[in-house]
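Working notes, structure below.
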Amino acid sequence: MSRASLALLLAAVVAAAACGAKQPAATPAGGSQPQSQFPGAAPPRATPAPTPATAPPEPPPVLVTEPPVVSSDPLAGIDTDEINRRAVLAPVFFAYDSDAIDEAGQKVLNANADLLKKYPTWAITIEGHSDERGTAEYNLALGERRALSAKSYLLSLGISADRIRTVSYGKEFPFDPGKTEAAYANNRRGHFVVTAK
Amino acid sequence: MASTPAPSALDVTSTPLPQQQQQPQTEIRTTIGGASGRLPRLAIPAFLVTGTEAEVTEAAKTVAEVLWKDLEFEREYQMISQQGASQIAPAPADALVYESWNQIGADDVLVGSVQKVGNVLQVDVRVMSVERKLSTFAKRYECNTRGARLCAHTIADELHKERFGLDGVARTKLAFTSDRDGDRLGGTIEQRSIKEIYISDYDGQRANRVTIRGSLNIAPAWAPDSRSIAYQSYQTGFVDIYIQKLYEVQVQLARPARGTDRAQNFLPAWSPDGSRLAFASSRDGNFEIYTVKADGTDLRRLTSHPADDGAPTWSPNGSQIAFTSARGGSNQIYIMSADGGPVTKLTSEPRKADRPTWALDFIAYSAEVPGGVEIKKINVGTRQEVQLTNGPGTNESPTIAPNGRHLAFVTTRWGKEQIAIMDVDGNNVRQITFTGNNRYPSWSNR
């Protein structure tokens with residue numbers, strides 16, 4: 001475990017150095033950053049995936065010669081609450097009674113994985129949610145499957161299992177209390193919460 | 001943590017009163033009932049009060065009203081409306097004008113008289129037979145002056161037992177999840193209501209919050225001894241099962257399923273002898289059924305299937321477990337031995353079946369139907385099905401009263417999620433929660 005945290009720490013230092021070195025490339029400016037606000041009822045399909053961009057190139061293993069100037073990374077100076085408020089990690093949406101990650105969902109998760117690679121100290125919880133249809137008990141299982149499904153996808157992209165927790169809320173915490181198809185769609189999600197950075 | 005000083009049965013004591021015109025009990029029992037083929041008709045005139053103390057007058061009124069409702073609930077009597085009974089002036093048992101009661105069709109008249117002796121509310125109850133002009137039930141109850149409801153529930157249970165050999169449920173309780181206090185969870189994502197576990201009388205009155213976890217707490221299950229509740233809590237950020245003892249101070253709650261963020265545990269159900277809990281867990285990849293001793297030892301995995309298995313419930317004798325499984329393609333109810341092994345499919349719902357709860361020879365469950373969810377019951381032997389609700393709104397999460405005569409369930413027919421009780425044939429639906437959203441009812445044994 002200590003070796004892992006050391007590795008994470010080193011990775012963080014490297015990442016920070018990389019950011020300091022190449023300010024504009026990696027992080028989309030505030031304006032272009034997808035900022036799905038919650039409890040905004042943004043229809044799921046409309047949620048733009050963060051520009052996948054090319055992953056920052058591996059920084060050369062050299063010491064930074066000058067001290068990094070104040071980072072202009074907009075996520076560096078804010079706390080996890082603010083990160084979550086801005087939904088920096090976008091939610092992945094699901095079809096009715098399904099835990100399958102569709103194409104749109106894959107895009108979202110790819111982008112989230114990129115961010116998690118960029119910020120390797122972040123730990124997250126993926127919450128599984130359902131719409132209000134169906135029974136409470138069944139939806140607990142469905143929410144669990146959705147959260148685990150999103151987690152598996154991230155693992156397949158190389159994100160460490162140590163960084164991902166899951167929890168199923170079933171239909172207990174709808175994001176939109178409405179009874180429209182749009183509200184239901186908005187509530188069927190794997191919701192990302194950054195719990196540590 | 002939260003130790004609610006709950007009322008115990010000791011809050012009410014009862015002693016027999018001398019019978020009016022002594023008659024042997026056995027003879028009386030053989031003559032209960034009105035004319036053949038119908039329920040005896042019972043009237044409850046206003047209770048007689050000694051003294052003028054407002055508190056006593058109020059308590060006497062409450063006892064009479066609650067008793068009327070409790071007796072109506074079991075339908076062993078056909079209750080004469082209180083308005084009907086009020087046409088005849090209340091009188092002591094030895095001065096009843098039987099002719100008047102006979103004219104409004106009463107077979108029995110329950111005469112109550114109340115006085116305060118010290119700090120005790122003394123309630124004398126006599127059930128007088130109009131035809132025979134004698135008392136068939138006569139007891140003195142000593143109650144807490146603020147315990148009028150419990151006093152009435154005790155009288156109802158004892159009268160049902162003595163008169164009809166029936167185990168009434170007037171003193172049983174419901175546990176459920178509610179956001180009625182309106183507290184919000186911390187955090188910034190969006191507004192989420194704290195949901196805590198509450199217990200109330202079977203009629204929804206005298207509700208007390210029993211958890212102070214400041215979190216999401218759902219799916220309470222009464223232990224068979226009615227002194228503990230197991231429930232599912234999110235207080236650590238993941239889901240685990242906690243056991244809360246109601247009448248003891250606990251520093252730390254037991255967590256028999258020993259949950260972690262990699263072994264999360266859902267929907268606890270006590271074995272009838274209270275020794276084990278069945279629950280669903282995703283610890284081995286997807287929802288499976290497990291049981292564990294209440295002390296956290298002897299964990300057993302009962303199912304092993306790539307489709308989800310959930311919502312376990314025990315058979316009344318503890319030898320079997322019914323649960324839901326998607327192994328056949330859609331969620332249906334299956335039965336297996338309490339040790340696992342082969343499963344038998346019980347339901348064939350066109351959509352899904354969920355949340356079985358087992359009493360006597362039948363299982364009540366939630367069935368998905370076009371446009372919602374309805375409560376059904378199925379006879380375990382004959383497989384005969386009966387749909388008990390038919391809208392409006394969704395109706396789900398049934399729990400069965402210990403005498404098998406009633407169900408509590410969650411309904412949205414009044415807007416928010418509320419708990420209602422009804423007879424096991426689907427009749428006489430009564431709303432019993434009115435504040436906030438209320439879900440996951442569990443009916444206590446006593």
Side-chain angles (χ1 to χ4, degrees), chain A residues 36-41 78-87 89 91 97 99 123 125-129 132-145 147-149 151-152 161-162 164-177 179 186-187 191-196, chain B residues 177 179 185-193 195 216-219 232 234 236-239 260-262 264 266-267 280-282 285-287 307-312 323-326 330-331 351-356 365-368 371-373 394-397 410 412 416-417 437 439-440:
Chain A
S36 16
Q37 292 289 350
F38 298 98
I78 61 176
D79 60 14
T80 52
D81 278 357
E82 186 58 25
I83 286 173
N84 292 326
R85 207 174 277 126
R86 291 184 194 176
L89 295 177
D97 197 14
D99 59 13
T125 292
I126 307 174
E127 302 174 348
H129 296 270
E132 67 171 32
R133 293 173 295 178
T135 54
E137 295 83 2
Y138 178 80
N139 280 316
L140 285 172
L142 178 59
E144 183 82 349
R145 278 191 277 129
L148 291 173
S149 174
K151 177 182 171 180
S152 297
D162 293 347
I164 309 173
R165 281 185 166 196
T166 59
V167 66
S168 172
Y169 286 118
K171 65 175 182 177
E172 299 299 327
F173 285 150
F175 289 78
D176 184 335
K179 297 183 183 304
N186 197 22
N187 292 334
H191 187 76
F192 284 75
V193 178
V194 177
T195 53
Chain B
T177 293
D179 63 2
L185 282 172
T188 54
I189 309 164
E190 71 293 309
Q191 293 285 296
R192 290 178 175 178
S193 296
K195 299 184 186 181
L216 179 62
N217 304 281
I218 58 176
Q232 169 183 332
Y234 290 70
T236 56
F238 57 83
V239 190
T260 68
D261 61 319
R262 298 284 189 272
Q264 304 195 40
F266 299 76
L267 302 172
S281 176
S282 59
N286 70 309
F287 264 37
D308 282 345
D309 300 313
F323 63 104
T324 61
S325 180
S330 68
N331 232 41
R351 298 189 173 196
K352 296 191 187 88
D354 201 4
R355 167 75 184 238
Y365 63 98
S366 313
E368 258 191 62
V373 182
T394 62
N395 301 282
E396 61 173 307
S397 295
V410 180
T412 57
K416 289 183 165 184
E417 290 152 346
N437 291 286
R439 234 189 228 173
Y440 298 104

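In what follows, chains are A, B, ... by sequence order, proteins preceding strands, each numbered from 1.
When heavy atoms are compared at a cutoff of 4.5 Å, A:K151 approaches chain B solely by way of its side chain, counted from C-beta outward. In this structure, no portion of B:N286 lies under 4.5 Å from any heavy atom of chain A. There is no contact between B:T177 and chain A, counting heavy-atom distances below 4.5 Å. Contacts of B:R351 with chain A are absent, with no heavy-atom separation under 4.5 Å from either backbone or side chain. With a 4.5 Å cut-off on non-hydrogen atoms, B:F238 touches chain A through its backbone and its side chain both. Residue B:T236 touches chain A through its backbone alone, counting heavy-atom pairs closer than 4.5 Å. Only the backbone of A:I164 has a heavy atom closer than 4.5 Å to any heavy atom of chain B.
Of the listed residues A:T195, A:V167, A:L148, A:L142, the one with more heavy-atom pairs under 4.5 angstrom with chain B than any other is A:V167. The choice from B:G371, B:A219, B:S366, B:S282 that makes the most heavy-atom pairs within less than 4.5 Å of chain A is B:S282.
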* Asked: Yes or no on salt bridge (Lys or Arg N to Asp or Glu O under 4.0 Å) for A:E127 and B:R192, after CA distance, side-chain angles and deciding distance?
  -> CA-CA 13 Å; A:E127 302 174 348; B:R192 290 178 175 178; 2.7 Å; yes
* To do: Go through the steps to decide whether A:Y169 and B:L216 satisfy the test side-chain contact (heavy atoms from CB on, under 4.5 Å), and finish with yes or no.
  => CA-CA 9 Å; A:Y169 286 118; B:L216 179 62; 3.5 Å; yes
* To do: Could you walk me through whether A:K171 and B:R439 pass the side-chain contact (heavy atoms from CB on, under 4.5 Å) test, one step at a time?
  => CA-CA 12 Å; A:K171 65 175 182 177; B:R439 234 189 228 173; 3.9 Å; yes
* Where do A:R133 and B:T394 land on the side-chain contact (heavy atoms from CB on, under 4.5 Å) test, with the steps shown first? -> CA-CA 9 Å; A:R133 293 173 295 178; B:T394 62; over 6 Å; no
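Put simply, CG on B:N331 and OH on A:Y138 are 6.0 Å apart, with the number rounded to the nearest 0.5 Å. Atoms CG and CD, from B:D308 and A:E144 in turn, are 8.5 Å apart once rounded to the nearest 0.5 Å. Taking CD of A:E172 as the start and CG of B:N217 as the end, the distance is 10.5 Å to the nearest 0.5 Å.
The nearest pair of heavy atoms linking A:L140 to B:Y440 is CD1-OH, 4.0 Å. The two residues B:Q264 and A:T166 come nearest to each other via the heavy atoms NE2-O, 2.6 Å. Heavy atoms only, all atoms of each residue included: A:G134 and B:E368 are closest at CA-OE2, 3.6 Å. Minimum interatomic distance between B:Y234 and A:S168 (heavy atoms only, all atoms of both residues): OH-O, 2.6 Å.
Residues B:E396 and A:T135 bring no donor and acceptor atom of their side chains to less than 3.5 Å of each other. Side-chain contact, A:E137 with B:S397: a donor N or O sits under 3.5 Å from an acceptor N or O.
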